[in-house]
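First the structure, in the form of structure tokens, and then the observations on it.
Small disclaimer: the values here were computed from a predicted structure and weren't measured.
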Amino acid sequence: MNYTDIQTKLKQHNLAVTFPLLRKKASEIGNWALSEQIEGLWATYQQMLQFTLQGINDAQSKHIRIDICEKLQLAANRLERLERIMQHPEEKYAAVAKEMERLDSFETIVAQLEAQAREIDEVQHDELLRETVRQHRIAELTEQHDLLLMQLFNWTWTSEVWQNVDSDLANRLLFSDVIPVHDKAVFVSAVTLSLLEYADVAKLLFLLDGYLVEDDQISQRSIVGFLLAFHVHYSLFDDNKELIDRLAIYHDDTSFIHDLYAVMLQLQMSCVTESVTSKMRNDIMPALMRGVMSKKRKDSDTASSNLDPESFIEHGENPEWMGDERMNKKMHEMAEMQLEGADVYYATFSMMKGFPFFSQMPHWFYPFSLSGHYVPELNKFTNGNVNKFIRMILSGSPFCNSDKYSLCFSFANFGNMAESAIEAQISSQIPEGMNLDEMAESEEMQKPKRADIRRHYVFDLYRFYHNYPYKHQFENPFNLLKKEPVTPFSHPLLQKLLSGTLDEMEQYADFLMRKEFYPAALNIFQTLATNEFDASLASVWQKIGFCHQKLQHAEETIHAYRVANSLKPNSKWTLRHLATLCSSTGHVEESVSYYQQLLTIQPENLKFLVGTAQSLMQCKRYDEALPLLHKANYLDEQSQLVKEMLAWCLIINGQDADASKFILDLLQANPMNEEANLLLGIVMMMDGKIKEAYTQILPYRSEENYTNLRKKLDTLCRHRHLDSTTATLLMDALMLQIN
């Protein structure tokens, strides 16, 4: 039995099977502290069983049993971690965990970070130091700091379940006045990755508390890490009282609730990155490139030739606009995707993660800073405008942290010719009357927005799990999000926390529906649809129907649309869906009713006319369908479908001479029209020209046409327009291909 099975049985409170297995595994692994913990729980459970056999009824038995199951779930998590380290030493996690055993304690690392931060500050503000000495000392301290930060990350990522002393030290680091925000952000990321490896309530509570830090870099990383880890391990936290009590503090915190929904949305948005990447690569970027090339050609043509004046007034438009309009449309589409939170640059930068910087795991989570240790090469640009422009891009761009590092290293490889090309582009793009200094100093460039920090951190996580060289050694949490989207109902604790946010729930469900997470969206909409008589819920019932329809739940779809129609009558959208679905599922009389309501709203609508006629013909009400088809043919004389339906309806009504006119029109437009040739053969049969009918139909025999013809002939026989024996013999002749 593997650990997944053990966790499932513990979730079901099955101790009879799991206790012996866990005791055996703990003994094999040889971790004394963990073995002692499991044996202690075993002794407690044995005593409970003995009391029960003696007829002693303890009111606390149920609570104690649940508590034992919860503790064993965490113990099983720890056992799995230790077993992984023992059995797979080649994995990155195991190798780093072994390495960390030789390093100083967590307390020492925190103390060294604090001491080093103070020393760096002293050196920077020591007015007696010569500048060369200062720079040399800062460089030394920075190198030492980077090593220390690497140790902090690796120790945290591979750390065991935190004890109280570990939580205290983590909070000391988080709320320290001397340790830089950059270091705290990296630490929060390490805690998140540790949690995604193995559940630990203490770490989860730490991230929840991290949201209270005033700095957005820390608070937003913390809430992203909390929700992601909570979703991955939610089954382990069902009845954790400490977590329940801590979440209760946030129940009325509107800012926290808003950010929680925003994180949900951003995490789920990351799950459509593949489709966004495909659209960028195959649609938007080629269109933009064509637009750029077209504009260059037009500029060249304009300079060397005279323009035809007539071209400016054709259809009231200037043909030269077309390329720009298409390009602008694609740029607008890209901007809309970005505004929604889509990762439009993933494809561009996923190929730029081969720099040595990204070989170190912690570097994937370094907040980008222009004054950081890894960007001094930007000073190589001698042109002032180029340097300012690049720094402006890196400080205020829509790129996430790891992409900014990629861009930085790419810029560092530019030569003098590239610098000149950039200078030329900058000069042409700067708005008239504004210089780079003004743009760089604008408020928007100075401080990243809260939403941007949150979004970029999710992008950083996504890139790590999809582009890190050792990515195959990690369970990718984004794969889980694709299969099981996070929603307000993912877990009872979330449901309780978000129970009063109905407007936000519906907005989030709308988002899930747009992104085709239909089961998750349906779950929320069904919760919001509290009854079938509240007119304000009409749109919710429409959305329930739409989700059911996408999931191919026919009867549930029709029921939801019926409710929506009763709450909001005469909605074209609802009536159209009801009419179509009822027609395709056998509720044809009901379909006719809905189509007739649609025709009342729009009598000249061709689709409604054809749909009504089709439903009437399904109901064998051919005489009622005929005038509708004549009207449809009048509105669109080119429609082959209408002519085919009209010809067949005329045949059913015994008007085969009139039907022939429409059939000949169809064949004149397309001599190979299979339906028209079948109908012509049927008319010949009705005229008694059986041999001619056979010759007409024979070239178009196929399984599909044979079935279609059989149905039509059966219908004509029922209406006594054809002799059933003759029809049967003709069908046999066609099947046997009699000459």
Q) Looking at the rings of F187 and F206, which for Trp means the six-membered one, are their centres under 6.0 Å apart? A) yes
Donor-acceptor list for residues 89-101 side chains, cut-off 3.5 Å, not counting sequence neighbours:
from: E91; atom 1: OE1; to: R84; atom 2: NE; distance (Å): 2.7
from: E91; atom 1: OE1; to: R84; atom 2: NH2; distance (Å): 3.0
from: Y93; atom 1: OH; to: R81; atom 2: NE; distance (Å): 2.7

Q: Keeping the roles fixed (side chain from W364, backbone from D460), state whether a donor-acceptor pair exists under 3.5 Å.
A: no
Q) Do other residues, nucleotides or ligands put more than 12 heavy atoms under 6.0 Å from H258 NE2? A) no
Q: With rounding to the nearest 0.5 Å, note down the distance linking CG in D216 to CD1 in I453.
A: 5.0 Å
Q: Using the side chain to side chain donor-acceptor pair (under 3.5 Å) rule, take Q135 and E131 through it: C-alpha gap first, then chi angles, then the decisive distance, then the call.
A: CA-CA 6 Å; Q135 293 301 324; E131 189 58 30; 2.6 Å; yes
Q) Any side-chain heavy atom of D259 sitting closer than 4.5 Å to one from S255? A) yes
(Q) For a quick test of reading the model, state the closest non-hydrogen atom pair linking F349 to S406 and the distance between them. (A) CD2-CB, 4.0 Å
Q.
Side chains of D403 and H456 only: does a donor on one sit below 3.5 Å from an acceptor on the other?
A. no
Q. Between NZ of K184 and CZ of F175, what distance do you get to the nearest 0.5 Å?
A. 8.5 Å
**Q.** Electrostatic pair E197-K203, nearest N-O below 4.0 angstrom
**A.** no
Q) Aromatic rings Y470 and Y468: how do their planes relate, parallel, tilted or perpendicular, breaks at 30° and 60°? A) tilted
Q: For residues W155 and L103, determine if any side-chain heavy atom of one lies less than 4.5 Å from a side-chain heavy atom of the other.
A: no
Q) Counting heavy atoms not belonging to E107, are there more than 12 under 6.0 Å from its CD? A) no
Q: Indicate yes or no: at least one non-hydrogen side-chain atom of L260 is less than 4.5 angstrom from one of L498.
A: yes
Q) Between T108 and S105, do the side chains contain an N or O donor and an N or O acceptor separated by less than 3.5 Å? A) yes
Q. CZ of F230 to CG of L494: how many Å apart, nearest 0.5 Å?
A. 4.5 Å
(Q) When you compare the side chain of S222 with that of T192, does any pair of heavy atoms fall below 4.5 Å? (A) no
**Q.** From CG (L129) to CZ (R137), nearest 0.5 Å
**A.** 10.0 Å
Q. Run the ring-ring contact (aromatic ring centres under 6.0 Å, His included) check on Y405 and H363 step by step: do they pass?
A. CA-CA 9 Å; Y405 279 112; H363 290 169; 7.9 Å; no
Q.
Which label fits F399 and Y345: parallel for a plane angle under 30°, tilted from 30 to 60°, or perpendicular past 60°?
A. perpendicular
Q: Rounded to the nearest 0.5 Å, what's the gap from CG on D452 to CZ on R454? Could you check?
A: 9.0 Å
Q.
Please check this pair: side chain of K471 against backbone of Y465, looking for a donor-acceptor N/O pair closer than 3.5 Å.
A. no
Q. Between H233 (side chain) and A229 (backbone), is there a donor-acceptor pair under 3.5 Å?
A. no
Q: For S176 and L173, indicate whether the former's side chain and the latter's backbone hold a donor-acceptor pair under 3.5 Å.
A: no
Q.
One pair to check against side chain to side chain contact (heavy atoms under 4.5 Å, CB included): M264 and E504. What are the steps and the verdict?
A. CA-CA 11 Å; M264 284 186 201; E504 290 88 342; over 6 Å; no
Q | W162 and its side chain to side chain contact (heavy atoms under 4.5 Å, CB included) partner, picked from D200, D168, L169 | A | D200
Q. Would you find more than 12 non-hydrogen atoms of other residues, nucleotides or ligands less than 6.0 Å from H136 atom NE2?
A. no
Q: Check V263 against I223 and note the closest heavy-atom contact, atom names and distance.
A: CG2-CG2, 3.7 Å
Q.
How close do L141 and Q116 get, counting heavy atoms only, and between which atoms?
A. O-NE2, 3.6 Å
Q: Tell me, yes or no, whether the heavy-atom count around E274 atom CD, taken from other residues, nucleotides or ligands under 6.0 Å, exceeds 12.
A: no
Q | Any L267 side-chain heavy atom under 4.5 Å of L461 side chain | A | no
Q. Is there a donor-acceptor pair under 3.5 Å between the side chain of N171 and the backbone N or O of S167?
A. yes
**Q.** Ion pair E122/R118, N-O distance below 4.0 Å
**A.** no
Q: Determine, step by step, whether H88 and Q473 satisfy the side chain to side chain contact (heavy atoms under 4.5 Å, CB included) criterion, reporting the C-alpha distance in whole Å, the side-chain angles of both residues, the deciding distance to 0.1 Å, and the verdict.
A: CA-CA 10 Å; H88 301 282; Q473 297 180 9; over 6 Å; no
Q: Would you confirm whether S194, through its side chain, and A190, through its main-chain N or O, come within 3.5 Å as a donor-acceptor pair?
A: no
Q: Looking only at non-hydrogen atoms, find the nearest pair between R134 and D126 and report the distance.
A: NH1-O, 2.9 Å
Q. How far apart are the C-alpha atoms of R221 and S189, what are their side-chain angles, what is the distance that settles it, and do they pass the side chain to side chain donor-acceptor pair (under 3.5 Å) test?
A. CA-CA 7 Å; R221 286 194 177 211; S189 297; 2.8 Å; yes
(Q) Salt bridge or not between D245 and K241? Use side-chain N to carboxylate O under 4.0 Å. (A) yes
Q. Which pair of heavy atoms, one from E160 and one from L82, lies closest together, and at what distance?
A. OE2-CD2, 4.1 Å
**Q.** Side chain to side chain, I257 and Y250, heavy atoms closer than 4.5 Å
**A.** no
Q) Does the side chain of M269 reach to within under 4.5 Å of the side chain of Q266, using non-hydrogen atoms? A) yes
Q: Using atom types as modelled and distance alone, determine if a side-chain donor or acceptor of D283 lies under 3.5 Å from a backbone N or O of K279.
A: no
Q: Using a cut-off of 6.0 Å, state whether more than 12 heavy atoms not belonging to E475 lie near its atom CD.
A: no
Q | Full working for side chain to side chain contact (heavy atoms under 4.5 Å, CB included) between I244 and N240 | A | CA-CA 6 Å; I244 293 171; N240 187 277; 5.7 Å; no
Q) Taking the six-membered ring for Trp, is the centroid-to-centroid distance between F226 and Y211 below 6.0 Å? A) no
**Q.** Minimum-distance pair of heavy atoms, taken over all atoms of P398 and Q338
**A.** CB-NE2, 3.6 Å
**Q.** From CZ (F355) to OG (S402), nearest 0.5 Å
**A.** 12.0 Å
Q.
Using 30° and 60° as the class boundaries, would you call the ring planes of W157 and F153 parallel, tilted or perpendicular?
A. tilted
**Q.** Side chain proximity check, Y508 to L265, heavy atoms < 4.5 angstrom
**A.** yes
Q.
side chain to side chain contact (heavy atoms under 4.5 Å, CB included), that's the test. Do D343 and V276 meet it? Break it down for me.
A. CA-CA 7 Å; D343 193 350; V276 170; 5.7 Å; no
